[in-house]
Amino acid sequence: MAATADHSTTGASAPAYYVSTPIYYVNDRPHLGHAYTTVAGDVLTRWHRQRGEKVWYLTGTDEHGQKIMRTAEANGVSPQEWCDKLVEEAWKPLWEHLEIANDDFIRTTQQRHTDRVQEFVQDLYDKGEIYKGGYSGPYCVGCEEFKLPAELLDGATADEKLCSVHKKPVEWLEEENYFFRLSAYGPKLLEFYAANPDFIQPATARNEVLRFVEQDLKDLSISRSTFNWGVPLPWDEKHVLYVWVDALQNYITAAGYGSDPERFAELWPASVHLVGKDILRFHAVIWPAMLMAAGLPLPKRVVANGWLMVGGEKMSKSNLTGIAPTDLTSHFGVDAYRYYFLRAIPFGTDGSFSWEDFTARYTSELANDFGNLASRVAAMVGKYFDGVLPASASDGEAEQAVKDGLAKAVETADRKIGEELDFAGGLAAIFEFVKQVNGYITEQEPWKVAKDDSEEGRARLATILYTAAESLRATAVLLNPVMPSTAEKLWTSLGAEAAGLGALSAQTVATVADWGRLPAGATVTKGEILFPRLEEKPAA
Ligand code: MSP
């Protein structure tokens, strides 16, 4: 990080690669949109783990505020009971089902969070960053946010205004509140963005934030006194903290802020905050300003993903497709699900889901290109070499082209997935390689070479099958972060671990292109079909 702003350099170095998702509101069950961000973060962190880096992946739930309180009331239970139920019955089970390997799960009602939050705001209060004032304005409970005039639409009557995101009436809120001096941070934020051009990504998101901050920032109302479902302000317990100010701090409270300095020094600043583009300002404006006020280093990157859309609108709880993540995983399988959204939608842009598109990609890319390659190669090693992988004996130009193709795929995928968060581009590079290997087999025609019993013929056949199997070894490693169960099946079918290569999880990106890692003599078995033929689409 560049060193123009003092807050950007005050932190200890952070050797761990720390990625966070937004913490999700638990007023309802998770939908495809939430799963999209969480899977992306999982793939990113698994990729970095596979680079051999120390990684920390955080997700969790946002449990305070009016939205949750009202939902609980409507369901006749206390907010805490509501949150406990939803977290245990809906959110955690879905992440487990989708094989999300998060290292921690923070809930904002946990004491490890609320205690630290109180300390944090008390510190800002003591420093004079927070003052008491009055505010009135239109408020959207769906967004949990005061709205600006430009963010409102006309409603059914002359007085009614609608939130442009939720298309629901806003409420007029008039309160005596505490305020954070956000307005003082405009110039410092602009200076920081200029010194750290990669802080906000993609460029469209960065531009939007710059335009917003270049106008005058207003101070931020950070407390509420008309309801009590929140973290009480330590110096005035009639007020609870505004849910967003509480929520943003999860990124530091979970990382050991104020409780475990050593861990905090290792984890903070976060490497990447993944956010939906709807919550970009909170992460790229308010959160950095709060951290500056507290004298803490800023996260290295805030990366905004686009929206999954339904009928031209952001998929939300009120306009769902009617399709839950588990409806898709029971049809396509968990790994294909993890793959599909990242492959089909360039990260950062909006995208729609369709059964037809998912089915087409499943069939052509996963089942035909990749799954068939794996089963054909295993079948041929079985048929021609009794399932014992032969040593390559006569590498030539064709084999060199495959090796070069692998090196290129690894370099591209590592850069695109690991650095640029261009999952679609990284996956395209890996599948380009899979296609190349298919083409190699088609050209080499091992089934014809197999008819030649001479020593030369056998050597040629051995080379072709070794080249194909070794390519699959590398493919298993490259796809492991995206499709961990499938990659594991392939690893087993290649007999890689038993042949001495170690567990799939022990393979690294740095060595994946080293040709010849899969030892000759490995026992190759046909194993399970990686991507079985799809059943009929379930009736809507
Ligand atoms: N609780 C806040 C976040 C606090 S973070 C300190 C919140 N929660 S949310 O549950 O409403 O949404 C969180 C995130 O879910 C979105 O920003 C986005 O990352 C993801 N998505 C929700 N709907 C989505 C789509 N339709 N498409 C893609 N992502 C979506 O805001």
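Order of listing sets the numbers, starting from 1, for every ligand and every atom in it. Predicted model only: the values in this text are computed from it and were never measured.
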**OP:** Start with the C-alpha distance between Y340 and F332, add both sets of side-chain angles, then the distance that settles ring pair (Phe, Tyr, Trp, His ring centres under 6.0 Å), and finish with yes or no.
**Re:** CA-CA 10 Å; Y340 171 71; F332 294 101; 7.5 Å; no

Return yes or no for this condition: an N or O of [X] is under 3.5 Å from an N or O of ligand 1.
{"X": "P22", "value": "no"}
{"X": "Y25", "value": "yes"}
{"X": "T37", "value": "yes"}
{"X": "D278", "value": "yes"}
{"X": "V275", "value": "no"}
{"X": "I279", "value": "no"}
{"X": "L248", "value": "no"}

Counting only heavy atoms closer than 4.0 Å, does ligand 1 sit against the backbone of [X], its side chain, both, or neither?
{"X": "K277", "result": "neither"}
{"X": "N305", "result": "side chain"}
{"X": "H31", "result": "side chain"}
{"X": "W244", "result": "side chain"}

Between ligand 1 and [X], can you find any atom pair, the residue atom being a heavy atom, that is separated by under 4.0 Å?
{"X": "V243", "value": "no"}
{"X": "M309", "value": "no"}
{"X": "G306", "value": "yes"}

Subject >> Y337/Y362 aromatic ring centres below 6.0 Å >> reply: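 For Y337 and Y362, the ring centres are not under 6.0 Å apart.
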
Any side-chain donor paired with an acceptor under 3.5 Å for [X] and [Y]?
{"X": "T38", "Y": "Y24", "result": "yes"}
{"X": "W235", "Y": "D126", "result": "no"}
{"X": "S78", "Y": "Q80", "result": "no"}
{"X": "Y251", "Y": "H283", "result": "yes"}
{"X": "T486", "Y": "D335", "result": "yes"}
{"X": "Y57", "Y": "D104", "result": "no"}

Write out the residue and atom name of the closest protein heavy atom to [atom], then the distance separating them to 0.1 Å.
{"atom": "atom 22 (C) of ligand 1", "answer": "H34 CD2, 3.7 Å"}
{"atom": "atom 27 (N) of ligand 1", "answer": "L308 N, 2.8 Å"}
{"atom": "atom 3 (C) of ligand 1", "answer": "I23 O, 3.1 Å"}
{"atom": "atom 24 (C) of ligand 1", "answer": "G33 CA, 3.6 Å"}
{"atom": "atom 26 (N) of ligand 1", "answer": "M315 O, 2.8 Å"}

Nearest 0.5 Å please: distance from the [atom1] atom of [X] over to the [atom2] atom of [Y].
{"X": "E262", "Y": "D260", "atom1": "CD", "atom2": "CG", "answer": "7.0 Å"}
{"X": "R206", "Y": "F199", "atom1": "CZ", "atom2": "CZ", "answer": "10.5 Å"}
{"X": "Q66", "Y": "T226", "atom1": "CD", "atom2": "OG1", "answer": "5.5 Å"}
{"X": "Y139", "Y": "E174", "atom1": "OH", "atom2": "CD", "answer": "15.5 Å"}
{"X": "E73", "Y": "W229", "atom1": "CD", "atom2": "CH2", "answer": "11.5 Å"}

**OP:** Measure across D350 and W307 and return the closest heavy-atom pair with its distance rounded to 0.1 Å.
**Re:**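 Nearest heavy atoms, D350 then W307: OD1-N, 2.8 Å.
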
Show the atoms of ligand 1 that are less than 4.0 angstrom away from any heavy atom in [X].
{"X": "H283", "answer": "5 (S), 6 (C)"}
{"X": "G276", "answer": "17 (O), 18 (C), 19 (O)"}
{"X": "A247", "answer": "6 (C)"}
{"X": "D62", "answer": "1 (N), 2 (C), 4 (C)"}

Original post:
Among W287, Y251, Y24, F353, whose heavy atom sits nearest atom 6 (C) of ligand 1?
Top reply: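 Closest candidate by heavy-atom distance is Y251.
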
